[in-house]
2 protein chains.
Amino acid sequence: MIIKDDKEKAIVDAATRLFLDKGFASTSTTEIAKEAGCNQALVHYYFRTKERLFEAVFAGKFEAFASSILEISQEDLSFEEKLRLKIESHFDMLHENPKLPMLIAYELNTNPKRLDSMKEKLGNLPAKVFANFQEELDKEIALGNIRPIKIIDLIYSMLALNISIFIIGPIMKSFVGLTDDMYENLIANRRKENVDMLLNSLRP
Amino acid sequence: MIIKDDKEKAIVDAATRLFLDKGFASTSTTEIAKEAGCNQALVHYYFRTKERLFEAVFAGKFEAFASSILEISQEDLSFEEKLRLKIESHFDMLHENPKLPMLIAYELNTNPKRLDSMKEKLGNLPAKVFANFQEELDKEIALGNIRPIKIIDLIYSMLALNISIFIIGPIMKSFVGLTDDMYENLIANRRKENVDMLLNSLRP
DNA sequence: ATCATATTTAATAGCTCTATTAAATAGCAA
DNA sequence: TTGCTATTTAATAGAGCTATTAAATATGAT
């Protein structure tokens, strides 16, 4: 048999799907087992508790999510080009994981323990990267290329614009009655619009 | 006794607090009863099911939320001024109900039934108001005051910018380690920033 | 005061969920 | 093959949750 029948991975995959769809609290280990095609006890054999299973899923996803914001680009491009690329790649990552922002936002907002544990995990990485970024920003400001702005405001604007479409979008789609095509169109349009708005907002 | 000891209201209030804090699935009727200072059976006496209690809470909150977007302003002001007021009052409503966007977004995204029921409830109101708004927008576009834009994009931008601070903000506050004062400052700043970004994005 | 109705509680049925345990089975090294 | 370990399952303990029922208590009208 070439493909090893890896139940542990099947469980993580099933759990990921279900947690993303219905959230942590509304997903049972019984359901996860069924979705993974195994006995419910096996879920606990590999992960002991539902909480630990969630952490296994969540930590990985959150890391991918955070690194897409925090990683410093190396390319030798103009500031504007670098920023544009950053915004777009962040947007694309979200587009590939459209349900991730909702899960992360919800779990961190409703569960103080998870917020603390993620803060712990990240350590002073955010502060460090922010400081780096701010330096780069300040150079551009000194050159008069962009208006004075704090990095936290810029990052917040990017997060706000990029994340929201995947949270508000599905609701709008239903309320306004968009077809799948129209919806994909809306998303593609937002990708462009978000970049424009952000770059625009930096003009001196 | 002047103040009637209205347990029904106490139950709704307790439920509202708890649902906003921890979400629907993680809140039990037992907990609601304890918080409201009554027996658990009383919760079911008044509302029969937890689902119905949630709907009683949710419908009211959602209505307030939706109307803050949909209502048409009557004032005799310039388009820009009207828009500015709309953005600001929407922001202020959220500021007074900071946990509401998370609850609504989460419940509508993870529970198709609620999405359908809200869509039903709203009927064609969104389409109607959008059409009205678009007309007004088109007039300004024809005058060359603003660039061509679809109302759905404008509303989405407003929602994205205004809502996000109350979803991302608490997480940022923890990760970056902001004091309460710094956080309130950030929020006040976003109120201004959001208006600027939105009006900016309309320039021809 | 009496009765009817509304409110509130105690008790509990019935379910589902998490987690554990012990037994069965599979996989593999010697 | 035998025996050892890893995987998988069946069974179930124990807890909590929703919802109902019947009884107790409060309220208000006559």
Side-chain angles (χ1 to χ4, degrees), chain A residues 1-61 103 106-107 110-114 117, chain B residues 1-61 103 106-107 110-114 117:
Chain A
M1 211 189 311
I2 299 172
I3 298 164
K4 194 194 159 199
D5 185 27
D6 190 342
K7 281 293 174 204
E8 183 171 356
K9 185 167 181 311
I11 289 168
V12 169
D13 290 350
T16 303
R17 263 195 309 279
L18 289 168
F19 286 148
L20 284 169
D21 264 5
K22 328 194 314 166
F24 175 75
S26 304
T27 302
S28 71
T29 51
T30 311
E31 208 177 351
I32 293 168
K34 203 164 99 186
E35 179 93 357
C38 68
N39 188 286
Q40 178 258 357
L42 199 63
V43 176
H44 291 274
Y45 169 74
Y46 279 119
F47 299 94
R48 205 150 71 73
T49 68
K50 182 183 163 190
E51 181 64 32
R52 276 164 185 267
L53 170 56
F54 182 78
E55 276 158 22
V57 170
F58 191 70
K61 286 282 172 187
L103 183 67
Y106 184 75
E107 290 300 331
T110 58
N111 195 329
K113 265 190 197 157
R114 274 202 248 289
S117 116
Chain B
M1 211 190 307
I2 299 173
I3 298 163
K4 195 195 157 200
D5 185 27
D6 191 342
K7 282 291 174 205
E8 183 170 356
K9 186 168 182 312
I11 289 168
V12 170
D13 290 350
T16 304
R17 263 195 309 280
L18 289 167
F19 287 149
L20 283 170
D21 265 5
K22 328 195 311 165
F24 175 75
S26 305
T27 303
S28 71
T29 52
T30 312
E31 207 178 350
I32 292 169
K34 205 163 99 185
E35 179 93 358
C38 69
N39 187 286
Q40 179 259 358
L42 199 64
V43 176
H44 292 274
Y45 169 74
Y46 279 119
F47 298 94
R48 205 152 72 72
T49 67
K50 182 184 163 189
E51 180 65 31
R52 277 165 184 267
L53 171 55
F54 183 78
E55 275 158 23
V57 170
F58 191 71
K61 288 281 172 187
L103 183 68
Y106 183 75
E107 290 301 330
T110 58
N111 194 329
K113 265 190 198 158
R114 274 202 247 292
S117 119

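Throughout, a chain's letter reflects where its sequence line sits, starting with A, and its residues are numbered from 1.
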From D:dT18, C:dT9, C:dT8, pick the nucleotide closest to the side chain of B:A41?
C:dT9

Mind checking side chain to side chain contact (heavy atoms under 4.5 Å, CB included) for B:T110 and listing every partner two or more places apart, or none if nothing turns up?
B:Y106

Rounded distance [0.5 Å steps], CZ in B:F58 versus OG1 in B:T16
12.0 Å

Here the distance between atom P of D:dT12 and atom CD of A:Q40, to the nearest Å, is 15 Å

Of all residues at least two apart in sequence or in a different chain, which pass the side chain to side chain contact (heavy atoms under 4.5 Å, CB included) check with B:S117?
none

Output the rounded distance in Å from CG (A:L18) to P (C:dC17).
12 Å

Can you name the side chain to side chain contact (heavy atoms under 4.5 Å, CB included) partners of B:D21, sequence neighbours left out?
B:K99

For the atom pair NZ (B:K9) and OH (B:Y46), what is the distance rounded to the nearest 0.5 Å?
13.5 Å

Would you please name every residue forming a side chain to side chain contact (heavy atoms under 4.5 Å, CB included) with B:T49, sequence neighbours left out?
B:E51, B:R52

Specify the separation, in whole Å, of atom NZ of B:K7 and atom C1' of C:dA6.
15 Å

How long is the straight-line distance from NZ of A:K50 back to CZ of A:F24, given to the nearest 0.5 Å?
4.5 Å

For A:A25 against B:A25, the heavy-atom pair lying closest together
CB-CB, 3.9 Å

d(CD, B:E8; P, C:dT7) in whole Å:
8 Å

Residues in residues 27-39 of chain B with a heavy atom under 4.0 Å of DNA chain C, by number, are B:C38, B:N39

Interface with DNA chain C, restricted to residues 42-59 of chain A and to heavy atoms under 4.0 Å:
A:H44, A:R48, A:T49, A:K50

